[in-house]
2 protein chains.
Amino acid sequence: MEENKELDERKLMILKAVIDDYIQSFEPVGSRTIARKYDMGLSSATIRNEMADLEEMGYLSSPHTSSGRVPSTKGYRTYVNHMLEPAAENPALAAEIVGRLEDKMTEYSKLIKACTEIVSDMTHYIAIGSTHGRDSVNVKAIQIVPVDETSVLTVVVADANTVKSKLVSIPEPLEPERVIELSGIVNRSFSGKPAEMISLMTVNRVADESGISRNTVLPITDGIFECIKQCETDEFFTEGAAKLLKSPEFDNIDKARSFIDMIQDKETIEKIVNASGDSESGLTVSIGTENSGEGLSDYSVVTAKFEVGGSCIGSVSVVGPTRMDYSKVISSLEYMKQMLEKKAREDGGRSIPELTVKTEDNEGGGGAS
Amino acid sequence: MEENKELDERKLMILKAVIDDYIQSFEPVGSRTIARKYDMGLSSATIRNEMADLEEMGYLSSPHTSSGRVPSTKGYRTYVNHMLEPAAENPALAAEIVGRLEDKMTEYSKLIKACTEIVSDMTHYIAIGSTHGRDSVNVKAIQIVPVDETSVLTVVVADANTVKSKLVSIPEPLEPERVIELSGIVNRSFSGKPAEMISLMTVNRVADESGISRNTVLPITDGIFECIKQCETDEFFTEGAAKLLKSPEFDNIDKARSFIDMIQDKETIEKIVNASGDSESGLTVSIGTENSGEGLSDYSVVTAKFEVGGSCIGSVSVVGPTRMDYSKVISSLEYMKQMLEKKAREDGGRSIPELTVKTEDNEGGGGAS
DNA sequence: GTTAGCACTCGAAAAGGTTGAGTGCTAACA
DNA sequence: TGTTAGCACTCAACCTTTTCGAGTGCTAAC
């Protein structure tokens with residue numbers, strides 16, 4: 001945050017102009033271009049001198065002797081930290097987003113998937129969403145639904161509004177009444193309990209109460225466990241992979257190939273998603289070589305974590321070329337985050353009760369905006 | 001099917017050699033290459049003459065005067081219809097597939113998604129799966145699960161083992177007992193009925209029986225209807241889009257771009273999926289210009305429809321370059337189809353009862369293999 | 001009917017030439 | 001002391017030319 005002590009007003013201005021131009025044109029930027037396009041009352045020669053200084057300080061670099069300059073990671077970092085203009089308000093867009101989220105609000109995983117799609121559409125980059133792996137999942141309801149003589153549906157509803165179901169076959173017919181009875185026993189015993197307290201053994205014991213044969217109960221309890229496991233598992237959504245090819249950086253198909261390979265790798269995704277960090281706005285921006293470890297050194301990742309009532313419900317990351325349009329990406333994610341958290345707070349009393357209980361108020365817009 | 005009357009044994013042999021070589025190398029094939037690689041006791045000159053004949057007959061064409069030959073659509077068609085060798089059995093692969101399908105068998109949409117993934121993995125091409133839009137959906141069970149005071153989960157299980165659920169908020173608290181009571185009424189009245197007999201009005205009327213306020217019942221019935229609608233809607237799964245870039249035909253990124261654009265277009269997908277036709281094996285192969293209408297004239301599509309108990313439960317299509325490895329693609333899809341239908345028939349008595357009722361036997365492997 | 005031989009074609013790759021945007025440096029200027 | 005004009009230099013991009021070789025068609029001999 002201190003790196004701009006050495007940069008005077010003019011250097012900052014020129015750096016910003018170079019980066020803006022480069023983001024837009026994806027061509028190395030020359031001093032004459034800046035002198036012509038950005039009216040700063042300076043000749044190309046002066047700008048040339050300043051750019052030489054900026055290069056020496058590490059904010060810019062040139063691909064080869066006689067070409068224009070390209071921002072370095074350090075340059076981008078300064079740009080992101082100090083020069084981003086807040087995006088213009090866009091009520092139409094806001095309305096559209098609200099609309100697209102409207103009927104998704106009830107279930108978090110659908111909600112985050114929808115957010116991921118929206119963000120990808122807004123930014124034209126790849127977006128990766130994930131539901132956050134909560135340390136402990138509370139089971140809100142377990143239900144066993146009779147489907148026909150030889151199959152039942154196990155349904156588990158957990159907090160964070162996660163619903164998982166599994167259709168299981170049972171070896172011998174079971175009357176619907178017995179199923180409902182069993183469902184009642186299981187449900188009464190476990191709803192409200194944290195998942196780790198529900199072991200296979202306890203489920204079995206409870207099931208035994210119903211007097212149904214072990215052979216029949218086993219697949220059902222297995223089904224319930226499968227559902228709980230799925231509730232605890234993080235989900236990932238990658239959206240907009242096709243848009244990628246539209247970026248001019250992928251003129252060469254090999255780059256596209258290697259990027260696609262990388263982005264499909266599960267470990268890489270996890271690293272991207274889990275990149276922590278908390279700037280004032282709640283976004284994490286990781287630029288170029290800053291995330292070299294992941295093989296992502298030519299790319300930048302901007303991550304927004306969504307927090308409701310103090311706990312993280314998931315995140316959306318945008319992955320794009322280092323010269324991505326940070327302004328657009330950051331404002332889109334900020335916007336999304338704000339809107340989602342506000343909406344969740346408003347709906348809190350209804351669809352996400354167990355989370356808002358923890359916040360002091362859920363009427364005003366008071367939380368950690 | 002009659003086009004090979006004019007082709008003698010030797011021409012067929014040469015045609016096959018050219019296509020095999022082209023599929024493998026993706027380079028126009030010259031007469032000398034054939035003479036060298038495929039030991040047919042003929043000199044390049046003879047082969048050259050034959051190839052000239054084949055070109056005149058429309059089975060081959062040459063990109064320019066002094067290059068090798070490339071198969072035409074007619075050539076591929078002959079190849080596909082008459083020259084495909086059955087794939088070697090591969091027990092390890094078979095076991096892997098069975099394993100990957102194992103716990104997916106209960107729900108058709110998951111099953112088809114899994115099949116699509118597997119086929120794409122096996123062939124290295126893009127695969128598109130779809131659940132077949134049944135004309136009428138039968139509802140097997142409807143359940144309303146109390147989640148907490150202000151939200152309930154509506155669950156609809158339809159035939160073809162489709163499960164849809166939706167979490168809905170209700171405006172005023174409702175005790176779990178009342179919810180279960182309501183669930184019982186709705187379920188008893190509608191399970192086993194075809195979906196079109198369940199109108200919003202009838203649901204409402206039934207709900208009124210419970211004596212719960214209309215305000216509260218409405219979002220719940222809406223939820224049920226949403227679920228039914230989803231059961232009736234076809235789903236599409238596109239898998240392996242990234243693999244595409246590995247094909248040498250996408251040396252030029254613009255081709256990749258336009259293909260991706262095309263493959264994302266919903267209408268194109270529907271055309272691909274709905275391409276009908278029934279060869280003896282139950283697969284449809286549409287080659288190059290044969291599907292010119294769809295803008296797919298440089299690609300081929302192989303579609304397998306999965307039929308269980310006489311009705312179609314969905315399909316998987318492989319979309320790839322015209323010079324795709326037909327042998328591999330066709331055998332993979334045939335294999336998948338066989339396995340899936342056999343498995344469905346075996347499991348029939350348990351997880352897919354209403355479909356197997358219609359078949360005469362479900363013990364032997366007797367059906368339309 | 002098959003094959004060897006040969007002239008010819010034409011794309012792909014290599015080699016050479018030109019252009020122009022961009023740089024660094026120096027010297028003049030305010 | 002900071003700014004600017006001028007100039008020599010660099011180097012990727014682009015165009016043109018040349019070379020190369022795989023492939024063809026045709027003819028004549030087997």
Side-chain angles (χ1 to χ4, degrees), chain A residues 6-15 17-19 21-22 24-72 75 248-249 251-253, chain B residues 6-15 17-19 21-22 24-72 75 248-249 251-253:
Chain A
E6 46 189 341
L7 291 175
D8 58 27
E9 195 68 15
R10 198 169 71 180
K11 282 199 172 58
L12 276 172
M13 203 165 94
I14 291 173
L15 178 58
V18 170
I19 298 182
D21 204 78
Y22 185 69
Q24 194 230 310
S25 71
F26 190 47
E27 305 271 87
V29 185
S31 51
R32 236 187 120 236
T33 314
I34 299 293
R36 243 184 301 123
K37 279 213 232 168
Y38 303 80
D39 194 18
M40 17 181 111
L42 292 174
S43 76
S44 71
T46 309
I47 292 171
R48 198 145 61 235
N49 289 333
E50 294 287 38
M51 280 168 77
D53 291 352
L54 284 167
E55 177 165 5
E56 207 181 351
M57 296 181 200
Y59 294 94
L60 297 177
S61 69
S62 35
H64 55 89
T65 330
S66 69
S67 77
R69 256 87 172 199
V70 159
S72 66
E249 16 271 296
D251 51 348
N252 168 358
I253 198 138
Chain B
E6 46 189 343
L7 291 176
D8 58 28
E9 196 68 16
R10 198 169 70 180
K11 283 200 174 56
L12 275 173
M13 203 166 93
I14 291 173
L15 178 58
V18 170
I19 298 182
D21 203 78
Y22 185 69
Q24 195 230 309
S25 70
F26 189 47
E27 304 272 87
V29 185
S31 53
R32 235 186 121 236
T33 313
I34 299 294
R36 244 184 300 122
K37 280 213 231 169
Y38 303 81
D39 194 16
M40 15 182 110
L42 292 173
S43 76
S44 70
T46 310
I47 293 171
R48 197 143 61 235
N49 289 334
E50 294 288 38
M51 280 168 78
D53 291 353
L54 284 167
E55 177 164 6
E56 206 180 353
M57 296 179 198
Y59 294 95
L60 298 177
S61 69
S62 35
H64 55 88
T65 329
S66 68
S67 77
R69 256 89 171 195
V70 159
S72 66
E249 16 272 297
D251 52 348
N252 168 357
I253 197 137

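Just so it is clear, the values below take in all heavy atoms, side chains as well, and ignore hydrogens, waters and symmetry mates.
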**OP:** For A/Ser44, report the nucleic acid contact type (base, sugar-phosphate, nothing); a contact means any heavy atom under 4.0 Å.
**Re:** nothing
Subject >> Interatomic distance, A/Glu50 CD vs C/dG24 C1' [rounded to whole Å] >> reply: 15 Å
Original post:
Do any side-chain nitrogens or oxygens of A/Thr33 fall under 4.0 Å of OP1 or OP2 in C/dG22?
Top reply: yes
**OP:** Classify the side chain of A/Arg48 and the base of C/dG24 as holding, or not holding, a donor-acceptor pair under 3.5 Å.
**Re:** yes
Original post:
Whole Å only: how far is the CD1 atom of B/Ile14 from the P atom of C/dT2?
Top reply: 10 Å
**OP:** Send over the distance from A/Asp53 CG to D/dT3 P, rounded to a whole Å.
**Re:** 11 Å
Original post:
How many Å lie between NE2 on A/His64 and P on C/dG22, as a whole number?
Top reply: 10 Å
Original post:
When rounded to the nearest 0.5 angstrom, what distance separates OG in B/Ser31 from CD in B/Glu50?
Top reply: 11.5 Å
**OP:** Send over the distance from A/Glu27 CD to C/dG20 P, rounded to a whole Å.
**Re:** 17 Å
**OP:** Could you verify whether a donor N or O on one side chain and an acceptor N or O on the other, from A/Ser61 and A/Glu55, lie under 3.5 Å apart?
**Re:** no
Original post:
What nucleic acid atoms does B/Ser31 come within less than 4.0 Å of, heavy atoms only: base, sugar-phosphate, or nothing?
Top reply: sugar-phosphate
Subject >> Phosphate-side-chain proximity, B/Thr65 and C/dC10, N/O vs OP1/OP2 below 4.0 Å >> reply: yes
Subject >> Rounded distance in Å - CG (A/Leu42) to P (D/dG2) >> reply: 14 Å
Subject >> Test side chain to side chain contact (heavy atoms under 4.5 Å, CB included) applied to B/Tyr38 and B/Ile47, B/Asp21, B/Thr33, the passing residue >> reply: B/Asp21
Subject >> Residue closer to the 5' end of DNA chain C, A/Pro28 versus A/Ala45 (nearest nucleotide) >> reply: A/Pro28
Original post:
Of all heavy-atom pairs between B/Val29 and B/Ile34, which one has the smallest distance, and what is that distance?
Top reply: CG1-CD1, 3.5 Å
Subject >> Strand partner of C/dT2, provided both Watson-Crick or wobble distances fall under 3.5 Å >> reply: D/dA29
Original post:
Between C/dT2 and B/Arg10, is there an OP1 or OP2 to side-chain N/O distance shorter than 4.0 Å?
Top reply: yes
**OP:** Scan every strand shown for a Watson-Crick or G-U wobble partner of D/dC11, both distances under 3.5 Å, and answer none if you come up empty.
**Re:** C/dG20
**OP:** Take atom CG of B/Asn49 and atom P of D/dT24, then tell me their distance rounded to the nearest Å.
**Re:** 11 Å
Subject >> Earlier contact from the 5' end, DNA chain C, for B/Gly41 and A/Ser67 >> reply: B/Gly41
**OP:** Ignoring backbone atoms, establish whether B/Ser66 has a side-chain N or O less than 4.0 Å from OP1 or OP2 of D/dT24.
**Re:** no
**OP:** Output yes when at least one side-chain N/O atom of A/Thr46 is less than 4.0 Å from OP1 or OP2 of D/dG2, else no.
**Re:** no
**OP:** Taking only the side-chain nitrogens and oxygens of B/Arg69, find out if one of them lies under 4.0 Å from OP1 or OP2 of D/dT24.
**Re:** yes
**OP:** Report the distance from atom CD of A/Glu55 to atom P of C/dG24, rounded to the nearest whole Å.
**Re:** 7 Å
Original post:
Distance only, no hydrogens: is a donor on one side chain within 3.5 Å (strictly under) of an acceptor on the other, for B/Ser44 and B/Arg32?
Top reply: no
**OP:** Taking all heavy atoms of A/Gly58 and all of A/Ser72, pick out the closest pair and write down the distance.
**Re:** O-OG, 2.6 Å
